[in-house]
K.L.:
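I am attaching a structure below and will ask some questions about it afterwards.
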Amino acid sequence: MDKIRVRFAPSPTGGLHLGGVRTVLYNYLFARQHQGTFILRIEDTDQNRFVPGAEDYIVECLNWCGLIPDESPLKGGPYAPYKQSERKSSYQKYAEQLVEAGYAYYAFDTTEELEQMRIRFKTDENPSPQYDSRIRMQMKNSLSEPEKARQWKSEGLPYVIRIRMPDNEEIHFSDLIRGDVHFNTGQSDDKVLLKADGMPTYHLAVVVDDYLMKITHAFRGEEWLPSAPAHILLWKYLGWEKDMPQWAHLPLILKPDGHGKLSKRDGDKLGFPVFAMNWTDPKTGELTAGFRERGFLPEAFINMLAMLGWNAGTEQEIFTIDELISQFSIERVHKGGAKFDFEKAKWFNHEWIKRSSSERLLPDVKKYFDQAGIHAEETLLAKVIDLVKERCTLLPDFVDQASFFFLRPAQYDLEPIKGKWNTDKKMFFAEFADKLSSIHTWDFASIEQVFKAHAEEKNIKAGELLQPLRIMLVGGKFGPPVFAIAELLGKEETMGRIKEVTGLLGE
RNA sequence: GGCCCGUUGGUCAAGGGGUUAAGACGCCUCUCUUUCACGGAGGAAUCACGAGUUCGAUUCUCGUACGGGCUACCA
C-alpha cells in the first residue's frame with residue numbers, strides 16, 4: 001500500500017472552531033499511526049471571504065496544539081504550493097477537460113438570472129429549486145444553446161463551468177465511519193466547478209488537489225456528505241478513480257442546549273470558548289474567546305477533543321498524544337453527533353493539571369502571575385504549584401489559589417474568627433509569633449510542633465486556633481495545609497502576617 | 001419540501017440476541033481533612049416508539065417519530 005497521506009484543508013475565513021481542531025487531530029493521529037504524512041492545505045479559493053490574519057492564526061493554533069504538519073504553505077514540500085490561490089492555473093485545464101469529455105459545460109447565467117430561476121421554479125413541493133438535470137435546458141448554457149454559447153464565449157461573456165450530473169445514476173461509496181452510503185445523482189445539482197473569476201470552487205479544487213497531492217484518506221465533517229457524490233463523479237470523470245482517497249465523514253459537534261451544530265455564538269451565549277485561541281475579527285473588532293486564553297492546557301484540549309466522538313473501547317479517558325496515536329482508530333469514531341459539554345472539558349483540564357509536573361506547568365502559570373502584576377520567583381513558584389495544583393481547574397485558578405504566597409492578602413476574611421475571638425487567643429498568637437523566631441529548622445514539622453505545644457500550654461484546643469492561623473496567612477478559608485503554607489512563606493513573613501492580623505482583630 | 005446521516009441516563013459513552021445494561025462528567029449522600037480541594041465509598045438516572053424474526057430482543061429487519069446536515073459562482 002502507498003504511503004498514507006492525509007490533509008487538513010481549512011478555509012482562512014476566521015477563527016478555528018473546535019470541530020476543526022478535532023478534524024485536524026483525527027487526521028494527525030491517523031497519519032502518525034501509519035507513519036504517514038500530514039498536510040496543511042489552505043483552501044482560499046473564495047476571494048470575497050478572504051480574512052487577513054486567518055491563515056497565520058490557523059498555523060498558530062496547530063502549533064499550540066502540537067499538531068504540526070509535515071507539508072504546509074510555510075514548510076513547503078514536494079507538492080507545493082499548498083495554497084489553492086497559488087495553484088489557480090492548474091485547475092482550469094481539468095475543468096476544460098471535463099467539458100470536452102461532455103461531463104461539464106459552460107454556463108452563462110448571471111446572478112440575477114439564477115435568482116429568478118429560484119423564484120420561478122419555487123413551489124410548495126420544491127422550495128429550493130436547484131440548477132439540475134431537470135432545468136438545465138431552460139438556462140443559458142452550452143447544453144441548452146450550444147451555438148449561442150460559443151458566441152457568448154468568444155464575445156468574452158463571463159461564464160462558469162458546471163458539472164453535468166447524470167439524471168439517474170446510483171452512486172455509492174464506502175465511508176470508513178458510516179459504511180455503505182448511496183445517492184441518486186438525480187437529486188444533486190450541477191455544481192459550479194470553475195467560477196467566473198477563474199478560481200475553482202471547493203468541489204473541483206478538493207479533488208484536483210487531493211489527486212495531485214496523492215491524498216490517500218480524506219477526513220472531513222459530515223456537512224460534506226451531500227456533495228460527496230459530485231466529488232466521486234469527478235474522480236471518475238477525470239480518470240482517477242483508482243486513486244480516489246478513502247472517505248470518512250466525521251460527526252458534528254452539537255450545541256449543548258437546544259439543537260444544531262455548535263457555533264461561536266453559542267460560546268458567547270453560554271460562557272465558554274468555541275475557538276482554539278482568541279480570535280479578533282479584523283473587520284468588526286469582535287473578539288471570540290479561545291480555549292488557550294481561557295487557561296486550557298493543549299494536552300487537555302486535545303484529549304478532550306479526541307474523546308468527543310471517539311473512544312478506545314476501554315475505560316481509559318486520559319490519553320497522552322502518543323497513546324492516542326497508538327490507540328486511535330477511525331472505525332471506532334461515532335456516527336452520531338455529540339453535544340459539547342464544557343463541564344467535562346474542564347474536568348479534562350483539571351486532570352491534566354493534576355498530572356502535570358511543576359516543570360511543565362511553570363511557564364504557563366508564570367504568565368498568569370505576570371499578567372496579574374505579581375512577581376513570582378520561579379523556585380518558590382514551582383513548589384507552590386505542586387502544593388495547589390489539585391485545586392486548579394483552569395490555569396488562571398493558580399493566581400486565585402496562590403497569590404498569597406507572593407503578596408500579603410489585600411484583605412482578610414475575619415468573619416469566621418471574629419465571633420470566637422477572645423483575649424486568650426490574642427495572647428496565644430502574640431506569643432506564638434515570638435516563639436516561631438526560635439525555630440532553627442523552618443519546616444512543616446517544626447512549625448506544627450511549636451504550634452501544638454504552645455496551644456497545649458495555653459490550654460486551648462488546636463482546632464480552634466487553626467482556622468484563625470489560616471486566615472492570618474492566607475486571607476481566607478482556602479488553600480493547602482496551613483503549616484505547609486507557613487513553611488513556604490518563611491519565618492519572617494509568617495510572623496509578620498500573624499502580628500498584622502492579631503493587631504487588626506483588637507481584643 | 002427533497003436528498004442524506006443519525007438516535008443507549010441531563011451530557012460523553014461501553015456493550016450487542018439471554019448481562020444486575022460498564023465507565024466518565026455533572027448532581028446528591030457519606031468518608032478523609034478542624035479550610036478549600038484531592039482521594040475513597042455509595043445513590044438517583046438510560047436502550048425513542050410500533051410491528052416483525054426468534055424460545056427470547058436494547059442488540060437483527062421494516063416502518064414511524066424525533067434530531068441533525070445539505071439544498072450558493074461559501075467552504
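Note that this is a predicted model, so its numbers are computed, not measured.
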K.L.:
Determine the interplanar angle of the A:Y57 and A:W279 rings, folded into 0 to 90°, and report it as parallel if under 30°, tilted if 30 to 60°, perpendicular if over 60°.
P.N.:
perpendicular

K.L.:
Give one of base, sugar-phosphate or nothing for A:V181, where a contact means two heavy atoms less than 4.0 Å apart.
P.N.:
sugar-phosphate

K.L.:
Under 4.0 Å between any heavy atoms, over every strand shown, what does A:A462 touch: base, sugar-phosphate, or nothing? Just pick one.
P.N.:
base

K.L.:
Are A:E222 and A:K261 ion-paired here, with the side-chain N under 4.0 Å from a carboxylate O?
P.N.:
no

K.L.:
Measure the distance from CZ on A:F404 to C1' on B:rU35 and round it to the nearest whole Å.
P.N.:
11 Å

K.L.:
Enumerate the residue pairs fulfilling side-chain hydrogen bond (donor to acceptor under 3.5 Å, both in side chains) with a member in residues 464-473 of chain A, sequence neighbours excluded, ordered by first and then second residue.
P.N.:
A:K425-A:E464

K.L.:
Which letters describe nucleotides 70-75 of chain B, given B = protein heavy atom under 4.0 Å from base, S = only from sugar-phosphate, - = neither?
P.N.:
SBSBBB

K.L.:
Please evaluate residues A:V59 and A:S72 with respect to the criterion side chain to side chain contact (heavy atoms under 4.5 Å, CB included), reporting the C-alpha separation (whole Å), side-chain torsions for both, the decisive distance (0.1 Å), and the verdict.
P.N.:
CA-CA 9 Å; A:V59 170; A:S72 72; over 6 Å; no

K.L.:
Take atom NZ of A:K335 and atom P of B:rU8, then tell me their distance rounded to the nearest Å.
P.N.:
12 Å

K.L.:
For nucleotides 28-31 of chain B, give me every protein contact, N/O to N/O, under 3.5 Å, one pair per line with atom names.
P.N.:
none

K.L.:
P atom, B:rA21 versus B:rC25: distance in rounded Å?
P.N.:
22 Å

K.L.:
Please report, to 0.1 Å, the donor-acceptor pairs under 3.5 Å made by any side chain of residues 160-167 of chain A, with sequence neighbours excluded.
P.N.:
unit_1	atom_1	unit_2	atom_2	d
A:R162	NH1	A:D190	O	2.7

K.L.:
Roughly how many Å apart are B:rA14 and B:rA22, using the C1' atom of each and rounding to a whole number?
P.N.:
6 Å

K.L.:
For the residue pair A:F432 and A:F428, categorise the inter-ring angle as parallel (less than 30°), tilted (30 to 60°) or perpendicular (more than 60°).
P.N.:
parallel

K.L.:
Salt bridge check: are A:R118 and A:E115 linked by an N-O gap of less than 4.0 Å?
P.N.:
no

K.L.:
Carefully, step by step, assess A:F405 and A:I485 under the rule side chain to side chain contact (heavy atoms under 4.5 Å, CB included).
P.N.:
CA-CA 8 Å; A:F405 281 104; A:I485 294 170; 4.0 Å; yes

K.L.:
Go through it in stages, so that I can follow the logic: the residues are A:F183 and A:I232, the test is side chain to side chain contact (heavy atoms under 4.5 Å, CB included), and I'd like the CA-CA distance, side-chain angles, deciding distance and then a yes or no.
P.N.:
CA-CA 11 Å; A:F183 294 86; A:I232 286 161; over 6 Å; no

K.L.:
Taking B:rC30 as the reference, what is the distance to B:rC12 when you measure between their P atoms (whole Å, please)?
P.N.:
30 Å

K.L.:
Indicate, with a heavy-atom threshold strictly under 4.0 Å, whether A:N126 touches base, sugar-phosphate, or nothing.
P.N.:
base

K.L.:
How close or far is atom P of B:rU7 from atom NZ of A:K339, stated in whole angstroms?
P.N.:
14 Å

K.L.:
Run the ring pair (Phe, Tyr, Trp, His ring centres under 6.0 Å) test against A:W224 and tell me which residues pass, sequence neighbours left out.
P.N.:
A:Y202

K.L.:
Do the ring centers of A:F483 and A:F451 come within less than 6.0 Å of each other?
P.N.:
yes

K.L.:
Remember a base hit wins even if backbone is also touched, and classify A:G479 as base, sugar-phosphate or nothing at under 4.0 Å, heavy atoms.
P.N.:
base

K.L.:
Between C1' on B:rC3 and CZ on A:F173, what's the gap in Å once rounded to a whole number?
P.N.:
13 Å

K.L.:
Considering heavy-atom distances to RNA chain B, does A:L252 or A:E317 have its closest nucleotide positioned more toward the 5' end?
P.N.:
A:E317

K.L.:
B:rC36 and B:rA48: how far apart are their P atoms, nearest whole angstrom?
P.N.:
42 Å

K.L.:
Mind calculating the distance between CZ (A:F183) and P (B:rG69) to the nearest angstrom?
P.N.:
16 Å

K.L.:
With hydrogens left out and only the distance checked, is there a donor-acceptor pair under 3.5 Å joining A:R391's side chain and the base of B:rC36?
P.N.:
yes

K.L.:
In this structure, which stretches of RNA chain B are paired as stems of three or more consecutive Watson-Crick or G-U pairs, both distances less than 3.5 Å?
P.N.:
B:1-7 with B:65-71, B:10-12 with B:23-25, B:27-31 with B:39-43, B:48-52 with B:60-64

K.L.:
Which residue pairs pass the side-chain hydrogen bond (donor to acceptor under 3.5 Å, both in side chains) test with at least one member in residues 382-400 of chain A, sequence neighbours excluded?
P.N.:
A:S358-A:D386, A:D386-A:K389

K.L.:
With rounding to the closest Å, how many angstrom separate the C1' atoms on B:rU58 and B:rG9?
P.N.:
14 Å

K.L.:
Near RNA chain B, which residues from residues 345-352 of chain A have a heavy atom under 4.0 Å away?
P.N.:
A:W347, A:H350

K.L.:
Once ring pair (Phe, Tyr, Trp, His ring centres under 6.0 Å) is applied, do any residues pair with A:F219, and if so which ones, sequence neighbours excluded?
P.N.:
A:F30

K.L.:
Assess whether a salt bridge exists between A:R7 and A:D210, defined as any Lys/Arg side-chain N lying under 4.0 Å from an Asp/Glu carboxylate O.
P.N.:
yes

K.L.:
Taking for each residue the nucleotide of RNA chain B with the nearest heavy atom, is it A:K477 or A:E125 whose nucleotide lies nearer the 5' end?
P.N.:
A:E125

K.L.:
Using a heavy-atom distance cut-off of less than 4.0 Å, which residues of residues 303-315 of chain A contact RNA chain B?
P.N.:
A:M307, A:L308, A:G309, A:N311, A:E315

K.L.:
According to ring pair (Phe, Tyr, Trp, His ring centres under 6.0 Å), who are the partners of A:H350, at least two apart in sequence or on a separate chain?
P.N.:
none

K.L.:
Expressed in whole Å, how much space separates the P atoms belonging to B:rC60 and B:rG18?
P.N.:
11 Å

K.L.:
Report the nucleotide, chosen from B:rC4, B:rU34, B:rG39, that has the shortest atom-to-atom distance to any side-chain atom of A:K354.
P.N.:
B:rG39

K.L.:
Identify whether the distance between the nearest side-chain nitrogen and carboxylate oxygen of A:E351 and A:K354 falls below 4.0 Å.
P.N.:
yes

K.L.:
Rounding to the closest angstrom, what is the interatomic distance between B:rG15 and B:rA57 at atom C1'?
P.N.:
14 Å

K.L.:
In whole angstroms, how far is the P atom of B:rU7 from the CZ atom of A:R178?
P.N.:
9 Å

K.L.:
Identify whether any heavy atom of A:E390 sits under 4.0 Å from a base atom; if not, whether one sits that close to sugar-phosphate; answer base, sugar-phosphate or nothing.
P.N.:
base

K.L.:
My understanding is that only residues two or more places apart in sequence, or in another chain, count here; which of them pass ring pair (Phe, Tyr, Trp, His ring centres under 6.0 Å) with A:F319?
P.N.:
A:W310

K.L.:
Between A:Y105 and A:Y159, does the ring centroid distance fall short of 6.0 Å?
P.N.:
no

K.L.:
Quick one: label A:R134 by what it contacts on the DNA or RNA (base, sugar-phosphate, nothing), any heavy atom closer than 4.0 Å.
P.N.:
nothing

K.L.:
Looking across every strand, which nucleic acid part, if any, lies under 4.0 Å from A:H334 by heavy atom: base, sugar-phosphate, or nothing?
P.N.:
sugar-phosphate

K.L.:
What is the distance, to the nearest angstrom, from the CZ atom on A:R22 to the P atom on B:rC12?
P.N.:
12 Å

K.L.:
Please state the C1' separation for the pair B:rU64 and B:rU29 - nearest whole angstrom.
P.N.:
42 Å

